[in-house]
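Structure first, then comments.
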Amino acid sequence: MRDFRNIVVLTGAGISAESGLATFRGPEGLWEGHRVEDVATPEAFARDPELVQRFYDARRANLASVAPNRAHEALARLDAEWDGELLIVTQNVDDLHERAGARRILHMHGELNSAWCLACDARARSPATLLDGPSCPACGKPALRPDIVWFGEMPYGMDAIEAALMQADLFVSIGTSGAVYPAAGFVQTARYRGTRTLELNLEPSQGSIFFDESRMGPASELVPSFVDELLG
Ligand code: BJW
C-alpha cells in the first residue's frame with residue numbers, strides 16, 4: 001500500500017449511513033414514496049417546487065443532528081497525513097467530510113448548504129429554508145434552488161476529477177452502489193490506465209467486477225483499517 005503516491009477516493013451515501021443519514025437505494029431510501037430517479041430532476045422541481053424545497057429543507061435541518069463517523073474521521077486523517085496527491089470526490093451533499101476535518105474534497109453532486117440562484121446564476125451559502133422564497137444575496141430575486149446536481153444535469157468538477165484520475169495510481173470507492181453515472185464509470189477509467197482499484201462497501205456494488213479488490217463490511221470498520229494500512 002505504501003508504494004502508492006496519487007490517490008483518488010470516491011465516496012457515496014454508504015459512508016454517511018452509520019451517521020444516521022439514509023442511503024438512496026436502501027429500504028429507507030424512498031423520497032416520500034418516490035424513487036430518487038423520479039423526483040431528483042429539474043422537471044420534478046418545475047412540476048412541484050414546494051415538494052422539492054420541503055424535502056431539501058428537512059434534509060438540511062437534519063444535518064445539525066448528525067455527526068461524522070469513524071470512516072469520515074479516517075479519511076480526514078489520510079488527508080492530513082498523506083503527502084502525495086489526494087482527491088476525495090464525494091457524491092454526498094452532506095458536510096460530514098468537512099466536519100471531520102478533510103480539506104481535499106470535491107462535492108460532485110453539490111451541497112445541501114449551498115443555494116443556486118436561477119435568476120443570476122450566483123451561488124451562496126443556503127439559508128436554513130428555501131421554501132419561503134428568500135431573496136438571492138446577489139440580485140435580490142426570490143429565485144434560489146438547492147445547489148444539488150439532479151439527473152440530467154452536469155456534475156461539478158468533472159475536469160478536475162478527470163485530471164486526478166489520469167494521475168492516480170490508486171482508486172478507492174467507498175459506500176456507493178455504482179448505480180449513478182458518471183461516478184459509476186470512474187473505476188473503468190482508472191482500470192483502463194492500469195490504476196489499482198479497491199472497493200470498500202457493505203455489499204458488492206453494481207460495478208464490483210471492475211475492481212481489483214473488494215472488501216465487504218461497514219465503512220466505519222473498513223475505512224480506518226485501510227487508512228492504517230496506507231499510512232503504515
Ligand atoms: C454501506 C453502508 C455502510 C450502506 N458501510 N457501505 C443510462 C445509462 C447510463 C447513464 C444514464 C442513463 N440514463 C441516464 C443516465 C445519466 C444519469 C444516471 O446515471 N442515471 C442512472 C439512474 C442510470 N446521470 C446523470 O444524469 C448525472 N449527470 C450526467 O450524467 O450528466 C451528463 C454527463 C455527460 C458526460 C460526462 C459527465 C456528465 C447526474 C447524476 C445526479 C445524481 N444525483 C443524486 C441526487 C442528488 C439529490 C439528493 O441528494 O437528494 O445524487 S441521485 C443519488 O444517487 C445521489 C447520490 O449521490 C447518487 C449515488 O448514490 P450512492 O451514493 O451510490 O447511494 P446508494 O444508496 O445508491 O448506495 C449506497 C451504497 O452504500 C450501497 O451499495 C450500500 O450497500 C452501501 N452501504 N451502508 C459501507 N455502513
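Start at 1 and go down the list; that is how both ligands and their atoms are numbered.
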Pick one of side chain, backbone, both or neither for how [X] approaches ligand 1, counting any non-hydrogen atom pair under 4.0 Å.
| X | value |
| --- | --- |
| E18 | side chain |
| H109 | side chain |
| P155 | side chain |
| A13 | both |

**Request:** Assess M108 for proximity to ligand 1: is some non-hydrogen atom of it under 4.0 Å away?
**Result:** no

Could you tell me whether some N/O pair between [X] and ligand 1 is separated by less than 3.5 angstrom?
| X | answer |
| --- | --- |
| L202 | yes |
| G12 | no |
| V36 | no |
| I148 | no |
| P218 | no |

**Message:** Side chains of S225 and D228: any donor to acceptor distance under 3.5 Å?
**Reply:**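 There is no such pair (donor and acceptor under 3.5 Å, judged by atom type) between the side chains of D228 and S225.
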
Which atoms from ligand 1 have a heavy atom of [X] less than 4.0 Å away?
| X | answer |
| --- | --- |
| T23 | 4 (C), 66 (O) |
| E153 | 27 (C), 28 (N), 29 (C), 31 (O), 39 (C) |
| V180 | 19 (O), 40 (C), 42 (C), 54 (O), 58 (C), 59 (C) |
| A179 | 21 (C), 23 (C) |
| G217 | 5 (N), 79 (C) |
| G152 | 25 (C), 26 (O) |
| W150 | 39 (C), 41 (C) |
| A17 | 78 (N) |

Donor-acceptor pair, [X] side chain versus [Y] backbone, under 3.5 Å?
| X | Y | answer |
| --- | --- | --- |
| R99 | H72 | no |
| D57 | L130 | yes |
| N201 | I174 | no |
| T129 | L131 | yes |

**Inter- and intrachain pairs under salt bridge (Lys or Arg N to Asp or Glu O under 4.0 Å), touching residues 136-148, at least two apart** = R123-D147, R145-E153

**Message:** Salt bridge check, R5 against D83: does any charged N sit closer than 4.0 Å to a carboxylate O?
**Reply:**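 Counted as a salt bridge, because a side-chain N and a carboxylate O are separated by less than 4.0 Å.
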
**Message:** My understanding is that only residues two or more places apart in sequence, or in another chain, count here; which of them pass side chain to side chain donor-acceptor pair (under 3.5 Å) with D169?
**Reply:** none

**Message:** Membership question, hydrophobic clusters at under 4.5 Å side-chain separation (ILVMFWY): are Y156 and L112 in the same one?
**Reply:**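 No, separate clusters.
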
**Asked** Should we count CG of D159 as having more than 12 external heavy atoms under 6.0 Å?
**Response** no

**Request:** Could you tell me how the ring of F186 sits relative to the ring of F171: parallel (under 30°), tilted (30 to 60°) or perpendicular (over 60°)?
**Result:** perpendicular

